[in-house]
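Along the sequence shown, residues carry numbers from 1.
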Amino acid sequence: MSVGARAGTVAQWLAAAAVVLACAGCLTPQGMLASALIPDGTASVLLSHLQQEEEGNRKLVAQLEAKKDWEGLVKLADQNLKVDSHNTVWYLIAGYAHTQLGRHQRAAESYTEFVRQSPDDPLGWKLLAQSWRDARQPERAVQALNNSIRVRDGTAETYLLLGESYADLNRDLPAAAAYREAVKRNNELAQAWFGLGRASARLNRRTDFDTAMKALENLKSPLAKELAELRPGAR
């Protein structure tokens with residue numbers, strides 16, 4: 001694999017770090033959420049940042065990724081940040097490496113610095129929010145996502161992640177509102193319809209549940225079967 005191809009893989013993995021979930025890739029609601037939250041164009045944006053680095057750094061990133069040497073990747077990021085603390089791509093790389101090591105608090109610290117310097121970049125906020133969720137601090141994920149929406153209007157994926165964060169807190173009313181905003185922006189986002197249906201079931205809002213159920217059926221989503229099991233009144 002060429003250095004350029006490996007750098008592209010790093011960029012894609014960095015995008016996926018926003019949705020690091022234990023069951024990523026399976027057809028559960030959480031697993032399908034993983035693919036939904038990777039923002040369009042993220043990989044190319046991160047790759048562009050990496051391409052601005054000197055060839056030696058790009059090679060090192062590719063080599064460390066190939067070896068899954070996350071500690072080495074953290075060290076490389078830290079070295080580059082000592083040289084230039086405003087080169088924000090290294091905060092993303094450091095955060096990603098910390099995530100792979102299960103150090104979600106450290107990852108959140110890296111992403112916090114990224115959003116401080118690049119508040120208009122929605123990717124950083126999503127990475128930060130997911131890190132707080134992974135650190136079992138969903139209230140901080142909610143805070144991060146609401147802050148990002150204050151900076152710029154949220155995307156469908158932003159509101160989906162906000163709904164999931166509220167669901168982590170068992171706050172079904174704001175979760176339902178967030179999911180509803182998500183489907184307004186993308187009515188083909190099956191994961192948001194599922195979240196809306198789940199919250200509606202808990203709130204005993206049968207009309208909203210039926211609307212979500214119909215949307216999933218129209219999308220031919222496997223989540224329709226999962227949601228059907230949550231129908232209000234069903235046992």
Side-chain angles (χ1 to χ4, degrees), residues 14-26 28-39 42 91-92 94-116 119 121-186 189-203 205 208 212 223 226-227 230:
L14 278 165
V19 287
V20 173
L21 297 167
C23 60
C26 60
T28 64
Q30 294 83 4
M32 295 190 74
L33 177 66
S35 61
L37 292 181
I38 300 175
T42 294
Y91 291 113
L92 295 180
Y96 167 66
H98 284 306
T99 295
Q100 294 301 308
L101 290 164
R103 299 196 295 238
H104 303 300
Q105 179 90 24
R106 293 284 300 277
E109 291 170 2
S110 294
Y111 297 138
T112 294
E113 186 57 30
F114 178 84
V115 300
R116 188 184 72 80
D121 190 331
L123 171 63
W125 291 104
K126 292 170 189 175
L127 290 165
L128 175 58
Q130 187 58 44
S131 290
W132 284 130
R133 291 187 71 211
D134 290 335
R136 300 181 185 277
Q137 296 189 54
E139 68 284 351
R140 300 188 76 165
V142 166
Q143 182 181 23
L145 291 163
N146 281 325
N147 285 340
S148 76
I149 292 168
R150 292 187 189 99
V151 172
R152 59 182 297 170
D153 189 29
T155 64
E157 291 77 16
T158 301
Y159 281 104
L160 170 56
L161 185 53
L162 180 59
E164 292 294 293
S165 300
Y166 276 125
D168 291 340
L169 293 166
N170 295 315
R171 296 181 61 187
D172 294 314
L173 278 172
Y179 292 129
R180 193 172 289 109
E181 287 295 329
V183 297
K184 281 182 182 178
R185 287 160 172 75
N186 182 357
L189 193 56
Q191 295 78 11
W193 282 116
F194 176 85
L196 178 59
R198 179 182 58 193
S200 298
R202 293 172 178 170
L203 294 166
R205 293 179 171 177
D208 289 343
L223 293 176
E226 302 243 9
L227 184 59
L230 303 178

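Scanning both residues, Leu227 and Gly197, for their nearest heavy atoms gives CD1-C, 3.5 Å. Scanning both residues, Leu128 and Ala144, for their nearest heavy atoms gives CD2-CB, 3.9 Å. For Val142 against Ser165, the heavy-atom pair with the smallest separation is CG2-CB, 3.6 Å. The shortest non-hydrogen separation linking Ala129 to Leu145 is CB-CG, 3.6 Å. Scanning all heavy atoms of the two residues, the minimum distance from Ala192 to Val183 falls at CB-CG1, 3.6 Å. Across all non-hydrogen atoms, the minimal contact from Ala176 to Ala199 is CB-CB, 3.9 Å.
Side-chain polar atoms of Tyr179 and Glu164 form a donor-acceptor pair below 3.5 angstrom.
Residues that satisfy the side chain to side chain contact (heavy atoms under 4.5 Å, CB included) test with Ala178, not counting sequence neighbours, are Leu162. Scored by the side chain to side chain contact (heavy atoms under 4.5 Å, CB included) test, Arg150 finds Asn146, Asn147 as partners (sequence neighbours excluded). Listed by chain and residue number, Lys126, Glu157, Thr158 satisfy the side chain to side chain contact (heavy atoms under 4.5 Å, CB included) test with Thr155 (two or more places apart in sequence, or in another chain). Listed by chain and number, the residues in a side chain to side chain donor-acceptor pair (under 3.5 Å) with Gln105 are Gln137 (sequence neighbours excluded). Every side chain to side chain contact (heavy atoms under 4.5 Å, CB included) that Arg103 has, sequence neighbours left out, goes to Glu71, Val74, His98, Leu101, Arg106.
Contact annotation: the side chain of Thr99 never approaches that of Gln130 to less than 4.5 Å [non-hydrogen atoms, C-beta and beyond]. At a threshold of 4.5 Å between non-hydrogen side-chain atoms, the residues Phe114 and Trp125 do not count as touching. Put simply, the side chain of Ile149 reaches to within 4.5 Å of the side chain of Tyr159, judged on heavy atoms.
The distance from the CG atom of Leu196 to the CD atom of Gln191 is 13.0 Å, given to the nearest 0.5 Å. How far CG of Leu123 is from OH of Tyr111: 8.0 Å, rounded to the nearest 0.5 Å. Note that OG1 of Thr112 is 11.5 Å distant from OH of Tyr91, once rounded to the nearest 0.5 Å. Taking CZ of Phe194 as the start and CG of Leu189 as the end, the distance is 13.0 Å to the nearest 0.5 Å.
A donor-acceptor pair is defined here as one N or O able to donate and one able to accept, closer than 3.5 Å; no such pair exists between the side chain of Trp132 and the backbone of Glu139.
Residue pairs satisfying the salt bridge (charged side-chain N to carboxylate O under 4.0 Å, His left out) criterion with at least one member in residues 172-183, sequence neighbours excluded, are listed as follows: Asp172-Arg202, Arg180-Asp208, Glu181-Lys184, Glu181-Arg185.
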